[in-house]
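Written below as structure tokens is the structure these notes are about.
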Amino acid sequence: MIVTPLDSAVLDSKEQYVFYHNMVDFALKELLVAVQQKQILSEQEILLFKQYSDLLLYSVEAMRVKYMYDDEENMKVDLTDSGFPNYLEFRYLFNDLELREEYLGKLTNIETLKEEFLDTLLHKKEPISKRKLFQAASIVYYASAKKEYIFNRFVQGKILEAPENTPGEHLVSWSFYDVSHNRPFICYMYFDYDGSDVQKERDEIYKTLKTVADRDMNLDTMAYGIDKRLPKVFPKLIKRVDLGPIHNVFAKDENQVTHAILEGIASKTIPLNSYAISFKIDELKSESEFKEGSFFSKQTFQKWDAIFRQRYVFAPHRIIQLLYNKTPEIMNKLAMAPIQISELK
């Protein structure tokens, strides 16, 4: 399914921006703590997960500042199976900050704006106009937001030495914002390397991951694409984390968990700020190796095991009770019982 801006809800008030930002910020931080406590990911994977989440939160905060007092443009939140901002919003941020210096040169001088604010508040005893507030927000946005911290459509992690007792000698991670789902995915690959220095292969590994592993696809297809393009790299385990959807009042998808929450909000049995997070992990392990090709140009490929999928749901206690009541067939198929996280106050 291709998602367009028409599949998005528009945030059109300061209150909505504050509420939405607080919800996403709170939900992701709760998720991070819970995943760590339940040891759903390893210690090294959690550290990388946090780094990608920080980029995501930084981007959402930049969007909040950008649109806070803008009467002409509004931020779009995905209505389909996501709960995150529409992918175009991240592209708009990145494009804005490419032209940062040009925009800053056109904005009112900050000292001049301060004097105007003080004169309006102290002498004229009047509230600051929305136009002036938007000017101030724009200065904050363009002066403080940095392009390198924006969650881009593809974010590459470094090649690291894998911890002991893991399937491979090396670990590389990457993240992408899938256009069809409008939500982020985080990937980890444990691998061996046929050579003395894996960093010599770094550019080729990064290029391959960006080319064949930058969107949601069958994990077998992703693994084969990586394996074929990198003859000296032997993948041993590929793990993909599907971060979302965040089920909340902004979502309008066909997901049963979302429907249960929206029905609960509509009937006033649960509050407007109710939310739950779906979290899926797909794993693919190398079972054995085989060689293919002519006598002079044989390449070693991995024979992969079946894909192992684990699904989790994170929600406050009250929402867990609701979901057991409304969607028992989903709750009973989870990798572990729904994991309790805090309510958004």
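Note that this is a predicted model, so its numbers are computed, not measured. We use all heavy atoms of the structure for the numbers below, so side chains are in, but hydrogens, waters and symmetry mates are not.
For the residue pair His21/Glu61, the side-chain donor-acceptor check at 3.5 Å is satisfied. Side chains of Gln36 and Glu43: a donor-acceptor N/O pair is absent below 3.5 angstrom, by distance only. Checked by atom type, the side-chain pair His247/Ser278 shows a donor-acceptor distance below 3.5 Å.
Note that CD of Gln256 and CD of Glu263 are 10.5 Å apart. Values are rounded to the nearest 0.5 Å. In this structure, Lys303 NZ and Asp227 CG are separated by 14.0 Å, a value rounded to the nearest 0.5 Å. In this structure, the separation between CD1 on Ile46 and CG on Leu32 is 5.5 Å, given to the nearest 0.5 Å. One finds the CD1 atom of Ile159 at 8.0 Å from the CE atom of Met189 (value rounded to the nearest 0.5 Å). Rounding to the nearest 0.5 Å gives a distance of 14.5 Å between CG of Leu284 and OH of Tyr224. Remark: Lys200 NZ to Asp203 CG distance equals 13.5 Å, nearest 0.5 Å.
Panel note: side chain Arg318, backbone Thr269; a donor-acceptor pair is recorded below 3.5 Å. Counting only distance, with no hydrogens or angles, the side chain of Asn332 and the backbone of Pro328 share a donor-acceptor pair below 3.5 Å. A donor-acceptor pair under 3.5 Å is formed between the side chain of Asn273 and the backbone N or O of Leu344. In this structure, Arg153 contributes its side chain and Arg215 its backbone to no donor-acceptor pair below 3.5 Å. Listed for the Glu30 side chain is no donor-acceptor partner under 3.5 Å among the backbone atoms of Ile341. Tyr149 places no side-chain N or O within 3.5 Å of a backbone atom of Asp54 that could act as its donor or acceptor partner. Although no hydrogens or angles enter the test, the distance criterion places no donor-acceptor pair under 3.5 Å between the side chain of Ser274 and the main chain of Ile270. Looking only at distances, no side-chain donor or acceptor of Asn152 sits under 3.5 Å from a matching main-chain atom of Phe154. Remark: the backbone N or O of Asn86 is not paired with any side-chain donor or acceptor of Asn182 at under 3.5 angstrom. Checked by atom type and distance alone, the side chain of Ser42 pairs as donor or acceptor with a backbone atom of Glu45 at under 3.5 Å.
A heavy-atom distance below 4.5 Å is not found between the side chains of Val212 and Met222. Within the 4.5 Å cutoff, the side chain of Ile40 has heavy atoms near those of the Ile339 side chain. Using a 4.5 Å heavy-atom threshold, the side chains of Ser175 and Phe151 count as touching. Counting heavy atoms from C-beta outward, Asp25 and Val60 have side chains that stay 4.5 Å or more apart. In this structure, Leu243 and Leu56 have side chains that are in contact, with non-hydrogen atoms separated by less than 4.5 Å. Annotation: side chain of Glu201 is in contact with side chain of Lys232 (closest heavy-atom distance under 4.5 Å).
Under a hydrophobic clustering in which Ile, Leu, Val, Met, Phe, Trp and Tyr are joined whenever their side-chain heavy atoms come within less than 4.5 Å, directly or via other members, Ile246 and Ile320 fall into the same cluster. Linking Ile, Leu, Val, Met, Phe, Trp and Tyr residues whenever their side-chain heavy atoms come within less than 4.5 Å places Leu28 and Val241 in a single cluster. Linking Ile, Leu, Val, Met, Phe, Trp and Tyr residues whenever their side-chain heavy atoms come within less than 4.5 Å leaves Phe308 and Val35 in two separate clusters. Tracing side-chain contacts under 4.5 Å through hydrophobic residues (I, L, V, M, F, W, Y), one reaches Val313 starting from Phe49; they form part of the same cluster. Met336 and Ile330 fall within the same hydrophobic cluster, where Ile, Leu, Val, Met, Phe, Trp and Tyr residues are linked whenever their side-chain heavy atoms come under 4.5 Å apart, directly or through other members.
Within a 6.0 Å radius of CD in Glu161, other residues, nucleotides and ligands contribute 12 heavy atoms or fewer. Other residues, nucleotides and ligands place more than 12 heavy atoms under 6.0 Å from the CD atom of Glu148.
Of the options Thr211, Leu209, Val172, a side chain to side chain contact (heavy atoms under 4.5 Å, CB included) to Ile226 is made by Leu209 and by none of the others. The ring-ring contact (aromatic ring centres under 6.0 Å, His included) test with His170 singles out one residue from Tyr190, Tyr188, Phe191, and that residue is Phe191. Here the options are Asp178, Asp242, Asp216, the test is side-chain hydrogen bond (donor to acceptor under 3.5 Å, both in side chains), and the partner is Arg183; only Asp242 passes. When Phe26, Tyr275, Phe279 are each tested for a ring-ring contact (aromatic ring centres under 6.0 Å, His included) with Phe314, only one passes: Phe279.
Across every non-hydrogen atom of Ile319 and Ala276, the tightest pair is CG2-CB, 4.3 Å. Nearest heavy-atom pair, Tyr324 versus Met331, reported as atom, atom and distance to 0.1 Å: CE2-CB, 3.5 Å. Shortest non-hydrogen contact noted between Ala27 and Ile277 is O-CD1, 3.4 Å. Minimum heavy-atom separation, Tyr52 to Gln156: OH-C, 4.2 Å. In this structure, Pro316 and Gln340 approach most closely via the heavy-atom pair C-CG, 4.4 Å. In terms of heavy-atom proximity, Asp192 sits nearest to Gly168 at OD1-CA, 3.5 Å.
Aromatic ring pairs are classed by plane angle as parallel below 30°, tilted from 30° to 60° and perpendicular above 60°; the pair Tyr177 and Phe90 is tilted.
In this structure, Lys280 is not positioned above the aromatic face of Tyr312 in the sense of NZ or CZ being under 6.0 Å from the six-membered ring centre and within 45° of the axis.
In summary, Arg309 and Glu283 do not engage in a salt bridge, as defined by a charged side-chain N under 4.0 Å from a carboxylate O. Electrostatic pairing of Asp96 and Lys66 counts as a salt bridge here, judged by a charged N lying under 4.0 Å from a carboxylate O.
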